[in-house]
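Below: the structure, in structure tokens.
Both ligands and their constituent atoms are indexed starting at 1 by order of listing.
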Amino acid sequence: MKIISVFNQKGGVGKTTTVVNLSAALGRKKKKVLVIDLDPQGNTTSGLGVEKDNVENTIYDVLVNDVNVVDSIVDTSSNNVKLIPSNNDLSGFEIEAVSREQRESLLSSAIVDLEGYDFVLIDCPPSLGLLSINALVASNSVIIPIQSEYYALEGVSQLVQTIDLVKRSLNKDLEVEGVVISMFDGRNNLSLEVVEEVKKYFKDKVYKSIIPRNIRLAEAPSYGMSVVDYDEKSKGAIAYLNLAKELIKQNR
Ligand SMILES: Nc1ncnc2c1ncn2[C@@H]1O[C@H](COP(=O)(O)OP(=O)(O)OP(=O)(O)O)[C@@H](O)[C@H]1O
Ligand SMILES: [Mg+2]
């Protein structure tokens, strides 16, 4: 079982889109996937067709109210993909956890007995706070989505520092699994330059499958579906299926 955080403290870079569609693509390739929505925005939850304010338990109940993790797992609109949902309840976590012991390891402890999945993908919120730290402590590795835009590498050194900090103090085996370039626009010279910059920085960690800017990817969440289920022939779906292939190969 490989546990992967999808993490970048910058907002709107494609974390949730990557979690929803990469998990659906892995599921399409017969992998058993568990998605953990660790963002109070709950966009992964609704993106996978689950009504976030109409679930019995959320990740908040697991982390704070000691609900057994197995009792929080629900089905999604995607084959082979299960979900631990999230909603705005989770926004109280950062404050409530302050008084808890081992507050950085609450997620890690909660999922320690989980089994039966090939991949666990964790969607992080856009911050370097305690929720993201919990995700990193619970993970084997990190996928970093980077938006192909002018300020792409802004904040990246802070991101890498955070990963290193967790690695040194709380989770020595944490690795960077890979870097995925998102919202690529091939007609734009700047996009091509950004790809070169990112490759200079992350070297062979950058996935060959680059995610294009694709309208289907933006539309699919409003139907509560991954793009793989919404329009499997779209450029977005093909890109995420290729990314899943790379990830599977990397972990064979
Ligand atoms: N490749 C793409 N093509 C077109 N639209 C995209 C693509 N990737 C993401 N988007 C859109 O861009 C917006 C931001 O994407 P997303 O929610 O995945 O980012 P995020 O990093 O999870 O954001 P946050 O930091 O708020 O959690 C969304 O409206 C999403 O539908
Ligand atoms: Mg998100």
| query | Which residue, Asp71, Val67, Ile84, Val69, forms the side chain to side chain contact (heavy atoms under 4.5 Å, CB included) with Asp61? | reply | Val67
| Knowing that exactly one of Asn140, Asp118, Leu114 qualifies, which makes a side chain to side chain contact (heavy atoms under 4.5 Å, CB included) with Met1? | Leu114
Of the backbone atoms (N, CA, C, O) and the side-chain heavy atoms from C-beta on, which set of [X] has a member under 4.0 Å from an atom of ligand 1: side chain, backbone, both, or neither?
| X | value |
| --- | --- |
| Val13 | both |
| Asp39 | side chain |
| Pro221 | neither |

For ligand 1, which atoms, with element, lie under 4.0 Å from some heavy atom of [X]?
| X | value |
| --- | --- |
| Gly11 | 25 (O) |
| Leu217 | 1 (N), 2 (C) |
| Ile211 | 1 (N) |
| Pro212 | 1 (N), 2 (C), 3 (N) |

Which residue owns the protein heavy atom closest to [atom], what's the atom, and how far is it?
| atom | result |
| --- | --- |
| atom 20 (P) of ligand 1 | Lys15 N, 3.5 Å |
| atom 17 (O) of ligand 1 | Thr16 CB, 3.9 Å |
| atom 27 (O) of ligand 1 | Gln41 NE2, 3.3 Å |
| atom 19 (O) of ligand 1 | Gly14 N, 3.0 Å |
| atom 8 (N) of ligand 1 | Met183 CG, 3.6 Å |
| atom 31 (O) of ligand 1 | Ala218 CA, 3.6 Å |
| atom 23 (O) of ligand 1 | Gly12 N, 3.0 Å |

| request: For atom 3 (N) of ligand 1, state which one of Asp185, Thr44, Asn214 supplies the nearest heavy atom. | output: Asn214
| CZ-NZ distance between Phe7 and Lys15, expressed to the nearest 0.5 angstrom | 8.5 Å
| query | Roughly how far apart are Ile3 CD1 and Asn171 CG, rounded to 0.5 Å? | reply | 9.5 Å
| query | Quick one: does atom 13 (C) of ligand 1 have a protein heavy atom under 4.0 Å from it? | reply | no
| Is there a protein heavy atom at a distance of less than 4.0 Å from atom 29 (O) of ligand 1? | no
| said: Pairs of nitrogen or oxygen atoms closer than 3.5 Å, one from Thr17 and one from ligand 1: do any exist? | reply: yes
| From the Mg ion (ligand 2) out to just under 2.8 Å, does an N/O/S atom of Thr16 turn up? | yes
Does a side-chain N-to-carboxylate-O contact under 4.0 Å join [X] and [Y]?
| X | Y | value |
| --- | --- | --- |
| Glu232 | Arg28 | yes |
| Glu219 | Arg216 | yes |
| Glu149 | Lys10 | yes |

| task | Check the side chains of Thr44 and Asp123 for a donor-acceptor pair under 3.5 angstrom, ignoring hydrogens and angles. | result | yes
| Any chance the side chains of Thr18 and Tyr240 put a donor and an acceptor closer than 3.5 Å? | yes
| request: Report yes if some heavy atom in the side chain of Glu94 is under 4.5 Å from a heavy atom in the side chain of Arg103; otherwise report no. | output: no
| Side-chain touch Ile4/Ser139, heavy atoms, less than 4.5 angstrom | no
| task | Give the intermediate values and the outcome of side-chain contact (heavy atoms from CB on, under 4.5 Å) for residues Leu48 and Asp37. | result | CA-CA 10 Å; Leu48 284 168; Asp37 190 351; over 6 Å; no
